[in-house]
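Note sheet for the following structure.
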Amino acid sequence: MTFETVSENRSFGGTQGVYRHKSQATGTDMTFAVYLPPAAQYGKVPVLWYLSGLTCTHENAMTKAGAQEWAAEYGIALIFPDTSPRGEGVANDEAYDLGQGAGFYVDATEAPWAPHFRMWHYITHELPELVFTNFPLDREAQGITGHSMGGHGALTIAMTLPETYKTVSAFAPIAHPSESDWGRKQFSAYLGEDKTAWARHDSTLLMRDRGFPREVLIDQGASDQFLDLLKPEALSHAMAERRQPGEFRMQQGYDHSYFFVQTFMADHIRWHAERLA
C-alpha cells in the first residue's frame with residue numbers, strides 16, 4: 001500500500017507527519033496523521049489511535065489537543081485519521097452532523113452513503129495495514145481514544161475488537177446514540193431502520209451486553225453544552241450495572257471544547273502508555 005507525504009515537522013524530538021493515500025475502503029483519497037515519538041528511532045513503539053468528532057478532519061486533534069508533548073514523554077505513537085470520506089462524487093448533506101465530516105465510524109449500507117462511507121472498515125482494517133507496514137509501530141500494543149463522535153467510535157470499536165485494542169478511553173463520547181438525535185438521524189441514514197444494526201454501534205448497549213475485558217477511562221465535562229445529546233448518564237449506569245473496571249469522571253466546569261480535551265490529554269496518554277508498555 002503506497003502513500004504520499006504531505007508534510008513532516010519536528011515536534012518534541014519526534015516527527016509529526018501528514019500523509020495521503022488512495023483508499024479501497026472508501027473509494028477516495030484519505031488523509032491521516034502520524035506522530036512518532038523520539039523512541040521510534042530505536043524500535044517499534046506502542047500506538048494510540050485518536051478518533052475525532054463531528055466536523056473534524058485529521059488536523060483538529062493534531063493541532064489542538066496538545067498530545068505530542070506527552071506522547072514524546074511516554075514513548076507512544078499517535079494516529080489521527082480523518083472522520084469521513086471526502087471529495088467530488090461523495091454524498092453529503094447540508095447539516096453539519098451528516099455526511100462529510102460525520103462518518104460516525106460505521107460502514108453504511110444505505111443509499112447514497114454505502115459506496116464511500118465505510119469508516120469502520122477503514123479504521124479497523126485498511127488504515128492499520130498501511131501504518132503497521134510503513135511505520136515502526138507495535139501491532140500488539142494498540143490503544144484507542146477519541147472525542148465526542150470519536151469517543152463513540154473508540155468505545156464501540158474497542159468493545160467489539162478487544163483482542164486488537166488493549167486499552168480504550170474517551171473524551172465526552174456520544175454514549176447512547178440509539179436514543180439521541182446524535183445517532184438516530186445518522187444511523188437511520190447510514191444503516192437503515194433496523195435497530196439491531198444500530199445496537200452494534202451504541203456504547204451503552206455494548207457495555208450492557210459485553211463490556212470491555214480491561215479497565216476503561218472516560219472523562220466528561222459537567223458543563224458540556226451537549227449533555228442532552230451525549231447522554232453520559234446512560235453509559236455510566238451501564239458501567240455500574242456491569243461492574244465494569246475503570247473510571248467515569250465528571251469534570252466540574254468543563255465544556256465540550258478542545259480546552260477540555262487539552263486539560264486531560266496528559267492523563268489519557270499516560271494511562272494508555274502504562275498499560276501498553
Side-chain angles (χ1 to χ4, degrees), residues 1-23 26 28-87 100-101 103 105 119 122-123 126-139 141-151 153-154 167 169 171 257-273 276-277:
M1 299 177 69
T2 60
F3 64 94
E4 64 174 296
T5 300
V6 177
S7 63
E8 287 184 336
N9 299 95
R10 196 74 166 160
S11 177
F12 295 99
T15 302
Q16 177 62 69
V18 177
Y19 309 96
R20 184 182 297 116
H21 73 113
K22 294 187 180 301
S23 167
T26 67
T28 65
D29 287 348
M30 295 292 288
T31 303
F32 65 97
V34 177
Y35 177 72
L36 294 177
Q41 300 173 61
Y42 308 106
K44 293 182 178 180
V45 294
V47 182
L48 180 59
W49 294 81
Y50 183 100
L51 306 185
S52 290
L54 288 166
T55 75
C56 292
T57 69
H58 70 281
E59 189 175 22
N60 293 73
M62 182 185 79
T63 59
K64 294 180 179 180
Q68 290 87 349
E69 178 179 4
W70 307 109
E73 179 172 340
Y74 294 107
I76 189 169
L78 305 170
I79 303 176
F80 305 100
D82 202 347
T83 57
S84 77
R86 301 177 190 274
Q100 296 184 37
Y105 304 103
M119 290 303 295
Y122 177 72
I123 295 295
E126 185 178 33
L127 187 55
E129 287 305 311
L130 190 155
V131 297
F132 285 112
T133 300
N134 291 284
F135 297 91
L137 308 174
D138 186 351
R139 189 187 287 266
Q142 295 185 67
I144 191 167
T145 188
H147 174 232
S148 193
M149 179 184 74
T167 57
S169 72
F171 299 86
S257 71
Y258 263 93
F259 295 108
F260 159 66
V261 175
Q262 288 173 7
T263 302
F264 300 102
M265 180 57 69
D267 281 357
H268 283 244
I269 291 180
R270 179 175 58 249
W271 188 88
H272 285 275
L276 294 172

Say you draw a straight line from CD of Q68 to OG1 of T15; how long is it, rounded to the nearest 0.5 Å? 11.5 Å
Just verifying a value: how many Å separate F132 CZ and I79 CD1, rounded to the nearest 0.5 Å? 5.5 Å
Residues at least two apart in sequence or cross-chain that pass salt bridge (charged side-chain N to carboxylate O under 4.0 Å, His left out) with K22, listed by chain then number, are D29
Minimum heavy-atom separation for G101 and M149, please, with both atom names. O-CE, 4.0 Å
In Å, rounded to the nearest 0.5 Å, how long is the span from CH2 of W70 to CD1 of I76? 14.5 Å
Looking only at atom types and distance, does a side-chain atom of T145 sit under 3.5 Å from a main-chain N or O of S169, one as donor and one as acceptor? yes
Is there a donor-acceptor pair under 3.5 Å between the side chain of Q16 and the backbone N or O of V34? yes
The reported gap from CZ in F80 to OG1 in T57 (rounded to nearest 0.5 angstrom) is 11.0 Å
Aromatic centroids of Y19 and F135 separated by under 6.0 Å: yes
Any heavy-atom pair between the side chains of V45 and P136 that's under 4.5 Å? no
Under the 3.5 angstrom rule, does the side chain of T83 hit a backbone N or O of C56 as a donor-acceptor pair? yes
Return yes if a side-chain donor-acceptor contact under 3.5 Å exists between T31 and H58, otherwise no. no
Pairs satisfying salt bridge (charged side-chain N to carboxylate O under 4.0 Å, His left out), at least one member in residues 68-87, at least two apart: D82-R86
Any idea which heavy atoms bring Y50 and P81 closest together, and the distance? O-CD, 3.2 Å
Looking at CG of L276 and OH of Y74, how far apart are the two atoms once the value is rounded to the nearest 0.5 Å? 14.0 Å
Indicate the atoms forming the closest heavy-atom contact of I144 with H272, along with that distance. O-CE1, 3.5 Å
I need the L130 CG to M30 CE distance, nearest 0.5 Å. 11.5 Å
What is the minimum heavy-atom distance between A39 and G75, and which atoms define it? CB-CA, 4.4 Å
Does Q100 use its side chain to pair, donor to acceptor, with the backbone of S84 at less than 3.5 Å? no
Looking only at heavy atoms, which two atoms of L36 and A77 are closest? And how far apart? CD2-CB, 4.3 Å
Is a side-chain N or O of Q142 found less than 3.5 angstrom from the main chain of R139, in a donor-acceptor match? yes
Determine whether a donor-acceptor pair (N or O, by modelled atom type, separation under 3.5 Å) exists between the side chain of Y35 and the backbone of S11. yes
Do H147 and Y258 make the cut of ring centroids closer than 6.0 angstrom? yes
Partner set under ring pair (Phe, Tyr, Trp, His ring centres under 6.0 Å) for H268, not counting sequence neighbours: F171
Closest approach of L78 and A67, non-hydrogen atoms and distance? CD1-CB, 3.5 Å
